[in-house]
K.L.:
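After the structure tokens below, expect a handful of questions from me.
Treat the numbers as computed from the prediction; the structure is a model and nothing was measured. For reference, positions follow the sequence shown, starting with 1.
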Amino acid sequence: GGEIGVAAARVTTIPNFVLPVSIELEQENAPDLPGDAGRRIACVANLRPQKDHINLLAAMAKVVEVHPDAHALLIGAPIDRPLEASIIERVSSLGLDENVTLLGARSDVSTILAGCDVGVLSSRSEGFPLALLDYGRAGLAVVATDVGECREILDSGRAGRLVAPGDADALADALCGLLGEPTAAAALGAELRRRVESRYSIDAVMDRVEHIYDTILDVRR
């Protein structure tokens, strides 16, 4: 508040929101994807250093030791071309060619997620990651690093697993846990979907905005 000359008590933050979709329709229109149903891990993140795909690959190398059929789909624009080359090289050097696919920038993210089972975000730093809302809307079980607003979106771990950034072992353990316990994973995904619908849907956010305006107008009257 001090930086902009407004008292903190007078500042209200409005969260991002997602638009409603028909999950059933998305599932019907889901494209053919690499990997097997029940084993797909989606990572929606443009290729930037702060998203730490390299750490995710290190974790995947450990995951496939336990779940050889696990498959990570990296969905995002190659913003950093040298990083893209490094990711491709690392996939090969870790022997993950059959377990990781780079899908690039896509306009059908929601339908891709309808064909996936787990969502992951391995960022070193974040603000308010819309990817987690997309995962929640799709009902995916989620593993995310404990950075930015991830803890708030995932309700301090009650709606998804939180791990320390840069910790490939912890990330791998969390992913293995979700792949190995599909019932528990489905429950986490359902909880995140409920949270997204109740707090981060357009209706929920507009209700909050209207309440703020009502409060301001009442004070002025």
Side-chain angles (χ1 to χ4, degrees), residues 23 26-27 30-47 51-76 78 83-106 108-124 131-132 134-136 138-146 150 154 157 159-192:
I23 300 301
E26 298 290 357
Q27 290 173 339
D32 290 332
L33 296 170
D36 298 325
R39 320 307 289 167
R40 297 189 185 105
I41 301 168
C43 178
V44 177
N46 290 333
L47 305 191
K51 299 297 184 178
D52 208 358
H53 291 82
I54 297 300
N55 185 53
L56 174 57
L57 295 180
M60 280 299 297
K62 300 174 185 297
V63 169
V64 299
E65 293 177 2
V66 181
H67 300 285
D69 55 351
H71 200 107
L73 304 177
L74 309 188
I75 308 158
L83 176 60
E84 179 190 30
S86 296
I87 290 171
I88 292 171
E89 186 280 328
R90 191 65 58 90
V91 168
S92 180
S93 66
L94 290 173
L96 294 173
D97 298 275
E98 300 300 318
N99 299 94
V100 176
T101 300
L102 278 73
L103 295 181
R106 298 288 293 251
D108 58 345
V109 172
S110 60
T111 55
I112 291 174
L113 294 182
C116 295
D117 309 280
V118 174
V120 65
L121 202 60
S122 57
S123 305
R124 300 176 195 167
L132 295 188
D134 289 333
Y135 297 158
L140 302 187
V142 169
V143 179
T145 44
D146 191 3
C150 294
L154 298 182
R161 301 284 185 247
L162 290 161
V163 299
D167 189 337
D169 288 334
L171 186 57
D173 286 346
L175 290 170
C176 284
L178 294 181
L179 291 174
E181 300 179 17
T183 301
L188 272 181
E191 179 59 29
L192 181 57

K.L.:
Nearest 0.5 Å, what's the CD1-CG distance between Ile75 and Leu47?
P.N.:
11.5 Å

K.L.:
Holding to salt bridge (charged side-chain N to carboxylate O under 4.0 Å, His left out), I want the full list of residues that pass it with Asp146, two or more places apart in sequence or in another chain.
P.N.:
Arg151

K.L.:
Who passes salt bridge (charged side-chain N to carboxylate O under 4.0 Å, His left out) against Asp167, sequence neighbours left out?
P.N.:
none

K.L.:
Let me confirm one number: the OG1-CG distance from Thr145 to Asn55, rounded to the nearest 0.5 Å.
P.N.:
8.5 Å

K.L.:
Quick check: closest heavy atoms across Ala168 and Ala58, and the distance to 0.1 Å?
P.N.:
CB-CB, 3.8 Å

K.L.:
Going from OH on Tyr135 to CG on Leu154, what distance comes out if it is rounded to the nearest 0.5 angstrom?
P.N.:
11.0 Å

K.L.:
Between Asp117 and Leu179, is there a donor-acceptor pair closer than 3.5 Å when you use the side chain of the first and the backbone of the second?
P.N.:
no

K.L.:
Atom CD1 of Ile41 and atom CG of Leu74: how far apart are they, to the nearest 0.5 Å?
P.N.:
10.0 Å

K.L.:
Does the pair Val44 and Leu113 meet the rule for a side-chain contact (heavy atoms from CB on, under 4.5 Å), with working shown?
P.N.:
CA-CA 9 Å; Val44 177; Leu113 294 182; 4.0 Å; yes

K.L.:
What are the two closest non-hydrogen atoms of Ala45 and His53, and how far apart are they?
P.N.:
O-NE2, 3.4 Å

K.L.:
Tell me the side-chain hydrogen bond (donor to acceptor under 3.5 Å, both in side chains) pairs involving residues 60-75, sequence neighbours left out?
P.N.:
Arg39-His67, Arg39-Asp69, Lys62-Asp169, His71-Thr101

K.L.:
Write down the atom of Ala70, the atom of Val64, and the distance for their closest heavy-atom approach.
P.N.:
O-CG1, 4.3 Å

K.L.:
Considering non-hydrogen atoms only, spot the tightest contact between Cys116 and Leu140 and give its length.
P.N.:
O-CD2, 3.3 Å

K.L.:
If the condition is salt bridge (charged side-chain N to carboxylate O under 4.0 Å, His left out), which residues does Asp36 pass it with, not counting sequence neighbours?
P.N.:
none

K.L.:
Could you give the distance from CG (Asn46) to CG (Leu83), rounded to the nearest 0.5 Å?
P.N.:
11.0 Å

K.L.:
Any side-chain heavy atom of Asp134 sitting closer than 4.5 Å to one from Ser110?
P.N.:
no

K.L.:
Which residues pass the side chain to side chain contact (heavy atoms under 4.5 Å, CB included) test with Arg124, not counting sequence neighbours?
P.N.:
Pro49, Asp52

K.L.:
Spell out, as yes or no, whether a donor-acceptor pair under 3.5 Å connects the side chain of Arg90 to the backbone of Ile54.
P.N.:
no

K.L.:
My understanding is that only residues two or more places apart in sequence, or in another chain, count here; which of them pass side chain to side chain contact (heavy atoms under 4.5 Å, CB included) with Ala174?
P.N.:
Val143, Arg161, Val163

K.L.:
Considering non-hydrogen atoms only, spot the tightest contact between Cys150 and Leu121 and give its length.
P.N.:
SG-CD2, 4.3 Å

K.L.:
Would you name the heavy atoms of Leu171 and Ser122 that are closest together and state the gap between them?
P.N.:
CD2-CB, 3.9 Å

K.L.:
When you compare the side chain of Met60 with that of Leu94, does any pair of heavy atoms fall below 4.5 Å?
P.N.:
no

